[in-house]
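This one's a predicted model, so the numbers in the text were calculated from it and none came from an experiment. First the proteins, then the strands, lettered A, B, ... as listed; each starts at 1.
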Amino acid sequence: MKNMAMKELDNEIIKERSKSIRTKGRQSQPIQCEADSVAGCVSQRACVYCGARVVLNPITDAVHLVHGPIGCASYTWDIRGSLSSGSDLYRYSFSTDLREEDIIFGGEKKLARCIDELVERYHPGLLLVYATCIVGVIGDDLGAVCKAASLRHKIDIIPVESAGFSGNKSDGYRAACDVLLRMIASEEAVPKKDNCLNYLGDFNLAGEAWIIKSYLNEIGIHVNVAITGDSTYDTLLEAPSASLNIVQCAGSMGYMGKRMEQIYGMPCMNISFLGLEDTMDSLRRISSFFDNYFISSRAEALIKREYELYAPVVESCRARLQDKKAAIFVGGGFKAISLIKQFRELGMEVVMVGTQTGREEEYDTIHQMVTDGTVVLDDANPSELETFMLEQGADLLVGGVKERPLAFKLGIAFIDHNHERKHPLSGFIGAANFAQEVYATVCSPVWRYLNLDGI
Amino acid sequence: MLDCTPKEITKRSGGLINPAKTCQPLGAMYASLGIHGCLPHSHGSQGCSAYHRAHLTRHFREPVMASTSSFTEGASVFGGASNLKTAINNVFTIYNPDVMAVHTTCLSETIGDDVATIVKTAEVPEGKVIIHANTPSYQGSHVSGFSNMTRAMVHYLAEADEENKKSQINIIPGFVNPGDMREIKRLADLMGLSSIMFPDTSGVMDAPLTGHFDMYPRGGTTVKQLRDTGNSSLTLALGSYASADAAHLLEKKCRVPALVLRTPIGVKATDEFIMAMRQHSIKEVPYELELERGQLVDIMTDVHYHFHGKKVAIFGDPDIVIALTEFMLSLGMKPIHALTGTPDSTIGGPQGSFEREVKGMLEQADLQGQVKAGADLFTLHQWIKNEPVDLLIGTTYGKYIARAEDVPLVRVGFPILDRAVHSYLPIAGYKGAMRLLEMIDNALLERIERDCTDEDLELVM
């Protein structure tokens with residue numbers, strides 16, 4: 001049964017949107033992406049602040065102070081699911097709670113007072129001040145307030161240029177990377193450590209960075225710092241001392257890797273620890289970079305052991321998931337690419353791929369990977385997701401918080417590959433968890449009770 | 001673990017730590033969803049709409065549809081009028097709602113967009129309606145946002161177009177779950193009254209699984225009903241913060257008498273709601289309701305010794321905390337800390353005096369307690385460190401305090417992000433009070449059994 005909104009969509013996909021939707025094998029021109037959303041659309045996208053906040057939030061011992069009215073702090077209070085092995089300060093929500101009088105007279109004094117109080121109470125090494133939409137509009141000079149406070153307290157107090165309207169989530173990632181680059185910049189040359197790398201773009205959701213650290217540690221590679229999962233101010237300052245950057249989430253941290261290559265001459269390698277195949281491949285590529293017999297032999301031993309442990313789990317799920325159809329709607333293009341491969345490992349066909357902020361080269365890769373008839377779409381709205389999931393007969397959607405109830409309403413299984421994942425999905429154990437989660441949702445008995453006549 | 005709150009209370013001069021409120025637009029969006037066939041529209045950056053939708057979705061576990069003006073640099077410099085005009089056109093072309101309910105954000109308010117004029121001059125397809133509410137995030141809280149959007153429904157739609165008032169009544173339920181709205185409607189039905197509830201998110205935010213996605217589920221107050229609220233003979237506004245403003249406007253605009261009551265949580269507030277309806281209709285209270293009330297009081301007496309003298313801290317939205325405080329007092333408990341993030345009323349803002357009402361109740365019960373409006377959970381945590389409690393009642397955000405202080409938490413209010421079913425079942429009315437009793441009793445008893453020694457474990461409690 002189709003409702004009104006869908007019929008309208010079929011006949012009249014809003015003209016500007018049609019360029020952002022492609023079916024492989026039918027249209028030849030490239031997809032339109034990295035464009036602003038259309039006013040009046042039900043966009044699934046977030047803002048610059050959101051992008052900056054999710055990247056920086058896992059710095060566990062920093063004070064994250066949001067300068068604006070209360071909402072932006074409320075909605076980002078401890079939602080990321082990043083785990084900490086030490087400080088819990090990042091799980092507190094700090095806001096200047098701008099009120100009407102601050103909008104009229106400016107919020108600089110209130111901000112300075114808040115900073116003073118927080119520094120006095122918590123003595124952090126780092127205090128980040130996030131700009132929200134109205135900060136610039138009411139004329140607050142965030143840079144000046146932070147600079148003065150920094151001199152006063154002799155700690156790093158850094159403004160994050162994250163006014164919500166000034167772009168989309170990707171611009172927020174970039175703003176966050178600029179903050180990190182500024183923070184780690186030092187006039188003195190940092191001595192290099194042996195067999196040491198930085199792990200970029202893992203936010204330690206459900207403890208994922210810990211898994212990867214333990215792998216690398218076992219094969220003789222030291223993880224200098226994960227950026228930013230379970231990181232601290234002091235460990236981040238060590239970043240320039242590594243000899244390699246590996247990047248998991250290229251959407252948020254690709255820029256940081258490139259900039260560090262330019263500034264520090266540190267090579268940068270895109271890797272992926274999602275799925276058995278990518279995990280093995282990544283471990284081999286990392287160990288060959290270090291060109292050390294002990295590292296590569298230990299890597300092979302680890303791969304053999306872990307593969308033998310977890311491949312059977314994936315295989316047993318594969319037997320039940322064979323030929324089921326998956327739809328993907330995630331934040332960035334790089335994750336979508338990894339997921340396509342992971343669904344292949346499970347014998348599933350990917351029938352729809354969408355992202356909020358994928359880039360052109362990522363869409364090219366996706367286009368090459370998928371089979372004819374697969375729908376690829378950028379910045380999709382719920383009606384489009386519904387239309388294509390039903391049209392393509394998807395059995396499963398992988399997405400984030402806003403997509404979950406939509407899938408369920410359609411009677412389609414769902415897996416969270418975003419902040420609300422409950423099990424680690426990285427590495428060998430993560431691939432097994434992923435397979436089991438996919439199996440648990442696709443093959444759950446609850447779907448049998450959808451209709452009265454199904455009993 | 002999870003404890004960065006010092007016991008010692010020092011003076012603070014602005015800013016919040018661990019807020020007990022969020023911003024107005026979220027409340028406006030929730031109220032809009034209580035209109036049938038309505039698409040809420042956020043006039044601001046697209047992040048606002050994404051956050052509100054995600055937050056509401058986490059609480060209700062339902063899809064939340066809303067469009068956005070998608071502000072960019074240009075809009076913030078030159079104003080958002082053209083974005084809104086484009087949005088209005090696109091919304092009716094693509095999503096085809098009966099009503100588009102526009103609310104503003106901090107950004108569009110600060111740059112001074114005249115949304116009222118844009119809405120007035122917009123080309124709207126025949127039979128379609130746009131309403132709007134000003135909801136700057138730097139005033140009030142999500143509760144005032146709810147109130148302002150409810151008021152906008154009256155402002156734009158209510159009409160007194162019949163000579164005589166109908167016997168029907170209006171009920172404004174306040175910022176409560178769809179399960180509570182259903183229960184409140186059921187009570188009005190049992191009293192034999194015809195009623196219009198607005199906004200009414202039952203059937204929208206607790207819609208059944210059907211195998212297809214309805215952008216506009218079956219529930220919600222229709223535009224026809226909203227127009228007809230002007231012909232009703234009484235408005236019952238439940239909760240002064242969330243509901244009084246709209247009721248007073250309706251009185252002024254359409255001469256429908258307004259009666260502001262507490263949110264009907266607990267025996268006393270439910271009694272008052274029932275008596276107000278009885279007075280209006282001059283009808284006897286049906287046996288079914290007498291039965292429910294009698295059962296509730298029976299349970300209260302059966303286990304009152306589980307509750308008596310227990311110290312409790314309550315936080316959340318003002319209307320809910322006021323009603324809960326009254327209920328806890330009626331059980332013999334000691335609500336020694338009561339806190340809301342929503343500020344007390346200001347001139348021109350929503351009505352309500354949280355601190356005066358709660359302090360008044362405590363004084364009557366001869367109790368000393370800490371009571372504060374416009375406060376945060378950092379403050380509540382400090383209060384609890386200095387004067388410990390046996391029980392914490394509030395939203396999911398209380399779980400950090402509950403863990404740090406090892407106090408049981410009963411989840412009530414908005415938002416609840418870590419449990420399910422709460423939005424379907426009521427805490428309002430006599431049945432709702434029974435459910436609350438069970439939740440609180442279980443929490444207290446499970447704690448006793450967890451902590452007691454083997455020899456103290458009793459079969460019968």
Side-chain angles (χ1 to χ4, degrees), chain A residues 1 3-5 8-9 12 14 36-47 49-50 68-71 73-75 77 88-89 91-100 102-103 110 113-114 117 121-122 133-134 137-138 164-166 382-383 386 401-402 405-406 408-411 450-451, chain B residues 1-4 6 12-19 21-23 25-26 44-48 50-51 53-55 57-58 61-63 65-73 75-76 83 86-91 93-96 106-107 110-111 137-139 209-215 397:
Chain A
M1 201 198 300
N3 66 25
M4 269 311 285
E8 292 284 340
L9 187 80
E12 194 175 347
I14 181 172
D36 291 331
S37 300
V38 180
C41 257
V42 181
S43 170
Q44 305 294 81
R45 274 180 177 174
C47 63
Y49 164 73
C50 177
I70 196 61
S74 283
Y75 304 123
W77 179 4
D88 285 321
L89 198 52
R91 299 183 71 174
Y92 267 38
S93 174
F94 302 103
S95 166
T96 52
D97 183 33
L98 292 183
R99 312 297 299 161
E100 191 153 30
D102 306 315
I103 305 305
K110 191 176 194 182
R113 277 202 314 268
C114 284
E117 282 184 19
R121 184 172 298 122
Y122 295 112
C133 283
I134 59 169
V137 181
I138 62 173
F165 60 81
S166 58
S383 301
E386 178 200 16
V401 53
K402 295 190 293 292
L406 175 68
F408 287 166
K409 277 280 182 275
L410 300 173
L450 221 57
N451 303 312
Chain B
M1 173 65 179
L2 296 177
D3 192 1
C4 304
R12 286 164 59 196
S13 54
L16 292 177
I17 307 176
N18 298 347
K21 65 169 180 183
T22 186
C23 63
L26 176 130
S45 306
Q46 60 191 8
C48 303
Y51 276 138
R53 291 175 58 213
H55 212 56
T57 286
R58 287 190 173 106
R61 296 176 192 264
E62 289 291 311
M65 293 299 123
S67 53
T68 165
S69 290
S70 294
F71 271 38
T72 53
E73 298 268 12
S76 77
N83 283 52
T86 311
I88 291 170
N89 186 33
N90 281 341
V91 161
T93 312
I94 312 163
Y95 302 111
N96 194 31
C106 48
L107 180 57
T110 309
I111 61 177
S137 321
Y138 45 76
Q139 286 175 345
L209 200 159
T210 52
H212 54 93
F213 166 64
D214 288 319
M215 183 122 178
Y397 290 118

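- For the set B/Thr68, B/Thr210, B/Thr57, B/Asn89, the count of heavy-atom pairs under 4.5 angstrom toward chain A peaks at B/Thr68.
- For B/Ser69, the part lying near chain A is the backbone, with the side chain staying farther off; criterion is any non-hydrogen pair under 4.5 Å.
- The contact between A/Thr96 and chain B is made entirely by backbone atoms, counting heavy-atom distances below 4.5 Å.
- For B/Pro6, the part sitting under 4.5 Å from any heavy atom of chain A is the side chain, from C-beta outward, and nothing else.
- Among the candidates A/Ser166, A/Cys47, A/Ser93, A/Ser74, the residue making the largest number of heavy-atom pairs closer than 4.5 Å to chain B is A/Ser93.
- Ranked by heavy-atom pairs under 4.5 Å with chain B, the first of A/Cys50, A/Gly164, A/Cys114 is A/Cys50.
- If you tally non-hydrogen atom pairs under 4.5 Å between each of B/Gly14, B/Ser70, B/Ser13 and chain A, the highest count goes to B/Ser13.
- When atom types are taken as modelled, the side chain of A/Trp77 and the backbone of A/Arg91 share a donor-acceptor pair closer than 3.5 angstrom.
- There is no side-chain donor-acceptor pair under 3.5 Å between B/Tyr95 and A/Ser383.
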Ring pair (Phe, Tyr, Trp, His ring centres under 6.0 Å) evaluation trace for A/Tyr122 with A/Phe94: CA-CA 12 Å; A/Tyr122 295 112; A/Phe94 302 103; 5.7 Å; yes
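- Of the listed residues A/Gly68, A/Ser95, A/Ala73, the one with more heavy-atom pairs under 4.5 angstrom with chain B than any other is A/Ser95.
- Atoms CZ and OG, from B/Arg53 and B/Ser67 in turn, are 9.5 Å apart once rounded to the nearest 0.5 Å.
- Counting heavy-atom pairs under 4.5 Å between each of A/Ile138, A/Leu89, A/Ile70, A/Leu98 and chain B puts A/Ile70 at the top.
- The aromatic rings of B/His55 and A/Tyr75 sit perpendicular to each other, their planes meeting at more than 60°, with 30° as the lower class boundary.
- When heavy atoms are compared at a cutoff of 4.5 Å, B/Ala54 approaches chain A by way of both its backbone and its side chain.
- The choice from B/Leu107, B/Ile88, B/Val91 that makes the most heavy-atom pairs within less than 4.5 Å of chain A is B/Leu107.
- At a 4.5 Å heavy-atom cutoff, the contact between A/Glu117 and chain B is made by side-chain atoms alone.
- We find the CD1-CG distance between B/Ile17 and A/Asp97 to be 11.5 Å, quoted to the nearest 0.5 Å.
- Closest approach of B/Met65 and A/Pro382 over heavy atoms only: SD-CG, 3.5 Å.
- With rounding to the nearest 0.5 Å, the separation of NZ in A/Lys409 from NE2 in B/His212 is 10.5 Å.
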